[in-house]
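Labels below follow one simple rule: chain letters A, B, ... track the order of the sequence lines, proteins then strands, and each chain is numbered from 1. Predicted, not measured: the structure shown is a model, and the values here were computed from it.
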Amino acid sequence: LSSCNVMITNYVKRGRIEDARKVFDEMPERDVVTWTAMVSGYSQNGKIEEARKLFDIMPERNVISWTAMISGFIQNGKIEEAHVLFDRMPERNVVSWTTMIVGYLQMGKLEYARELFDKMPERNVVSWNAMITAYARRGKLEDACWLFEEMPERNVISWTSMVAGYAQNGRIDEACELFDKMPERNVISWNAMIAGYAQNSRIEDARRLFDDMPERNASSWNSIIAGYVQNGRIEDAQELFDRMPGRNIVSWTAMITGYAQNAQGEDALQIFSKMQEDG
RNA sequence: UAAACACCAGCGGA
């Protein structure tokens, strides 16, 4: 039973919902985890009606099943349906509340989300982070900051959200100050800071951070490359591009548009053919 | 083994 559940989970993760369904159909017995995994799987693959169908006929539901269904509606832009279920569910936990709040935040209804946040019986670090991120993204940095200071504990996501918020709103020095104070950083924190510098024409600062990073992913490389491209430093971009391990479609496109914008149509075309050779 | 949060990385789409 649980090995079938694992298979379903793995298929869903890889977007192979039909295969998941096959396993589901052939199982001799199913438990609430099985059903919930399928509901979640259909939701994540945009098949919300199918998810709802299963949800309605599943023999038993727990708070996770309800929340999964709510999350499905939200992911598919149906906030009202989500709220109806939220009101109807027999018990709600902190995840249910936070899911609902995120739904409203994604729709830009910050005031209403905040009401729910204030009303919820208990909050955890994810609830706080969701609010902070939404405020920060929309430039309400004072609100974000207030919550950030108010929250009982902060994790790397809380810090990164604040840094990204300042960086995205052009308050790059405040972002930097916060970044320096971070108790721990991961590659996403570094990337947020690098993108902030690159976007504010502080490409040298971006480069310095990039060189100091303990580890880099494709996003790190592409951010710095794009930064050079945007500042017309196509040779520097090219140099990094050549050194970059595991170039992806984003890297290639950045370079091609870089050459195109610099009226070097020939080079752009050359890169394009190289990309095709590379597969 | 099932539900919620952070990097406006390039181009494009509605």
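Paired with A/Ile8 under the rule side-chain contact (heavy atoms from CB on, under 4.5 Å), one option of A/Arg30, A/Arg21, A/Met27 passes, and it is A/Met27. Tested against A/Tyr104 for a side-chain hydrogen bond (donor to acceptor under 3.5 Å, both in side chains), the candidates A/Glu115, A/Arg114, A/His83, A/Lys109 yield a single pass: A/His83.
A heavy atom lying under 4.0 Å from RNA chain B marks the following residues of residues 33-54 of chain A, by number: A/Val33, A/Thr36, A/Ala37, A/Ser40.
Judged by distance alone, with hydrogens and angles left aside, the side-chain atoms of A/Asn129 form no donor-acceptor pair with the main-chain N or O of A/Ile132 at under 3.5 Å. Side-chain atoms of A/Thr36 do not come within 3.5 Å of backbone N or O of A/Val33 as any donor-acceptor pair.
A salt bridge links A/Asp205 to A/Arg208: at least one charged side-chain nitrogen sits closer than 4.0 Å to a carboxylate oxygen. Taking the charged nitrogens against the carboxylate oxygens, A/Glu239 and A/Arg233 have no contact shorter than 4.0 Å, which rules out a salt bridge.
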Going 5' to 3' through nucleotides 5-11 of chain B and flagging B where a protein heavy-atom sits under 4.0 Å of the base, S where only the sugar-phosphate is that close, and - otherwise, we get BBBBBBS

All N/O donor-acceptor pairs, side-chain side in residues 179-187 of chain A, below 3.5 Å, sequence neighbours left out:
residue, atom, partner, partner atom, Å
A/Arg185, NE, A/Phe179, O, 3.1
A/Arg185, NH2, A/Phe179, O, 3.0
A/Arg185, NH2, A/Asp180, O, 3.4
A/Asn186, OD1, A/Ile188, N, 3.0
A/Asn186, OD1, A/Ser189, N, 3.1
A/Asn186, OD1, A/Ser189, OG, 3.0

Using atom types as modelled, flag every donor-acceptor pair under 3.5 Å from a side chain in residues 43-51 of chain A to any protein atom, sequence neighbours excluded.
residue, atom, partner, partner atom, Å
A/Ser43, OG, A/Val39, O, 2.9
A/Gln44, NE2, A/Ser40, OG, 2.9
A/Asn45, ND2, A/Gly41, O, 2.7

Identify every side-chain donor-acceptor pair in residues 247-254 of chain A under 3.5 Å, counting partners at least two apart or on other chains, and give the distances.
residue, atom, partner, partner atom, Å
A/Arg247, NE, A/Phe241, O, 3.0
A/Arg247, NH2, A/Asp242, O, 3.2
A/Asn248, OD1, A/Asn222, ND2, 3.2
A/Asn248, OD1, A/Val250, N, 3.1
A/Asn248, OD1, A/Ser251, N, 3.1
A/Asn248, OD1, A/Ser251, OG, 2.9
A/Ser251, OG, A/Asn222, OD1, 2.8
A/Ser251, OG, A/Asn248, N, 3.0
A/Ser251, OG, A/Asn248, O, 3.2
A/Thr253, OG1, A/Ile249, O, 2.6

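The CD atom of A/Glu60 sits 13 Å away from the C1' atom of B/A2 (whole-angstrom rounding). Between the CG atom of A/Asn124 and the P atom of B/A3 there is a distance of 15 Å, given to the nearest Å. Residue A/Met27 contributes atom CE, which lies 12 Å from atom C1' of B/A2 at whole-angstrom precision.
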What pairs of nitrogen or oxygen atoms, one from the protein and one from nucleotides 12-14 of chain B, lie under 3.5 Å apart?
none

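Rounded to whole Å, the separation between the C1' atoms of B/G12 and B/C8 comes to 15 Å.
Of all non-hydrogen atoms in A/Gly165 and A/Leu141, the two that sit nearest each other are C-CD2, 3.8 Å.
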